[in-house]
Student: 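Below is a structure I'd like to ask you about.
Predicted, not measured: the structure shown is a model, and the values here were computed from it.
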Amino acid sequence: MKNRSLVSINDYTKKEWISLLDLAEEFEKNPRQKILENYVVATLFFEPSTRTRLSFESAATRLGAKIVGFTDSSLSSVKKGESLNDTILTVSNYSDIIVMRHPRDGSARYASEVSPIPIINAGDGANQHPTQTLLDLYSIRKTQGTLNNLNIAFIGDLKYGRTVHSLVIALCEFNTTFHLVSPVELKLPSYVKQHIKNNNLKYYQYTELNEVIPKADILYMTRIQKERFLDPIEYEKVKNAYVLKNCMLEKAKDNLRILHPLPRVNEITIDVDANPKAYYFQQALNGVYVRQALLASILGVK
Ligand code: CP
């Protein structure tokens with residue numbers, strides 16, 4: 001993985017994902033190692049973030065790296081009309097690796113093609129969020145003891161949810177059975193469904209949440225993403241489509257765990273948080289270890 005960008009989850013092989021998860025386990029046991037003291041990590045966030053940016057910065061800082069970057073591109077020269085090309089070429093003079101989130105699909109691929117240093121895609125529009133996928137795989141393996149042969153239910157905004165797209169593609173390598181719960185308007189894009197079919201795996205589509213709960217090993221809840229809708233009336237129609245409440249979990253399997261990439265709006269009520277099946281805040285913590293593994297691997301120190 002040394003010096004290789006991560007733009008799409010398929011830029012790395014299944015074997016490489018697993019070795020990253022194994023390395024993340026080592027960082028979980030010992031997260032403070034000064035192995036990146038001579039490195040500078042740039043975090044360029046053209047779109048809001050709490051977990052991805054802060055967990056990358058926490059991961060890098062705990063390994064001794066320095067951070068440069070911006071969290072609001074309107075305070076950078078982007079505001080003056082600077083192109084993505086020029087921003088990337090400039091920041092590559094000041095850092096060893098760039099972590100970038102951008103609202104435009106394909107922007108991370110473009111950045112990786114012009115950049116002389118590796119780019120990590122921290123989310124590009126509605127396209128992909130591969131580092132979230134790695135921490136999701138880590139969380140699934142940690143809670144289920146395996147990644148193989150699981151029933152995984154995705155609920156909510158499957159159309160615009162970039163975390164869903166990357167994770168479904170990755171799970172196709174693990175003989176997953178997919179349960180896809182969404183409003184008709186927010187179904188999983190056909191190219192992702194085609195990927196499931198190409199792998200001869202089963203998927204079932206639902207519009208109701210209750211019927212999948214007893215079948216699932218993982219419930220992967222997602223937010224309906226208001227910012228991706230062109231028409232606010234269309235958002236209003238679906239914004240409360242699914243709300244998971246604690247009382248709905250009575251028939252769930254013992255091993256069920258609830259994941260959510262977060263942020264949550266109203267799709268999981270607060271009373272679920274105390275249920276031992278709720279795993280979303282630990283999931284966000286796992287992001288630190290997985291991102292430590294990724295930075296150390298790409299920078300070639302592990
Ligand atoms: N999961 C995720 O991408 O969260 P943030 O938008 O807070 O980074």
Student: Report the hydrophobic cluster partners of L54, with the cluster defined as I, L, V, M, F, W, Y residues connected by side-chain heavy atoms closer than 4.5 angstrom, directly or transitively.
Tutor: none

Student: Are K193 and F178 in a cation-pi contact, defined as NZ or CZ under 6.0 Å from the six-membered ring centre and within 45° of the axis?
Tutor: no

Student: Establish, yes or no, whether the cationic atom of K197 lies under 6.0 Å from the six-membered ring centre of Y203 and within 45° of the ring axis.
Tutor: no

Student: Less than 4.5 Å apart, side chain to side chain, heavy atoms only: is that true for H179 and I152?
Tutor: no

Student: Using a strict cut-off of less than 4.0 Å between a Lys/Arg side-chain nitrogen and an Asp/Glu carboxylate oxygen, indicate whether E47 and R162 qualify as a salt bridge.
Tutor: yes

Student: Looking only at heavy atoms, which two atoms of F154 and V164 are closest? And how far apart?
Tutor: CD2-CG1, 3.8 Å

Student: If we count only N and O atoms by modelled type, under 3.5 Å, do the side chains of N85 and S83 hold a donor and an acceptor together?
Tutor: no

Student: For the pair E234 and K239, find out whether any cationic side-chain nitrogen is under 4.0 Å from an anionic carboxylate oxygen.
Tutor: no

Student: Could you tell me whether E208 atom CD has more than 12 heavy atoms of other residues or ligands within 6.0 Å of it?
Tutor: no

Student: Using a cut-off of 6.0 Å, state whether more than 12 heavy atoms not belonging to K14 lie near its atom NZ.
Tutor: yes

Student: Is Y39 reachable from I120 through a run of I, L, V, M, F, W or Y residues, each pair having side-chain heavy atoms under 4.5 Å apart?
Tutor: yes

Student: Taking atom NZ of K226 as the centre, report whether more than 12 heavy atoms of other residues, nucleotides or ligands fall under 6.0 Å from it.
Tutor: no

Student: Ion pair present between K34 and E37, side-chain N to carboxylate O less than 4.0 angstrom?
Tutor: no

Student: Is the NZ or CZ atom of R291 both under 6.0 Å from the centre of the six-membered ring of F56 and within 45° of that ring's axis?
Tutor: yes

Student: I want to check something: taking the side chain as every heavy atom from C-beta on, are K302 and L63 in contact at a cut-off of under 4.5 Å?
Tutor: no

Student: Salt bridge between R264 and D273, side-chain N to carboxylate O under 4.0 Å?
Tutor: yes

Student: List the steps, then state whether side chain to side chain contact (heavy atoms under 4.5 Å, CB included) holds for K159 with L188.
Tutor: CA-CA 5 Å; K159 178 178 180 184; L188 194 68; over 6 Å; no

Student: Could you give me the CA-CA distance, side-chain angles and deciding distance for F229 and Y235, then say whether ring pair (Phe, Tyr, Trp, His ring centres under 6.0 Å) is met?
Tutor: CA-CA 6 Å; F229 283 76; Y235 170 71; 5.6 Å; yes

Student: Mind checking whether D124 and R101 have side chains closer than 4.5 Å, heavy atoms only?
Tutor: no

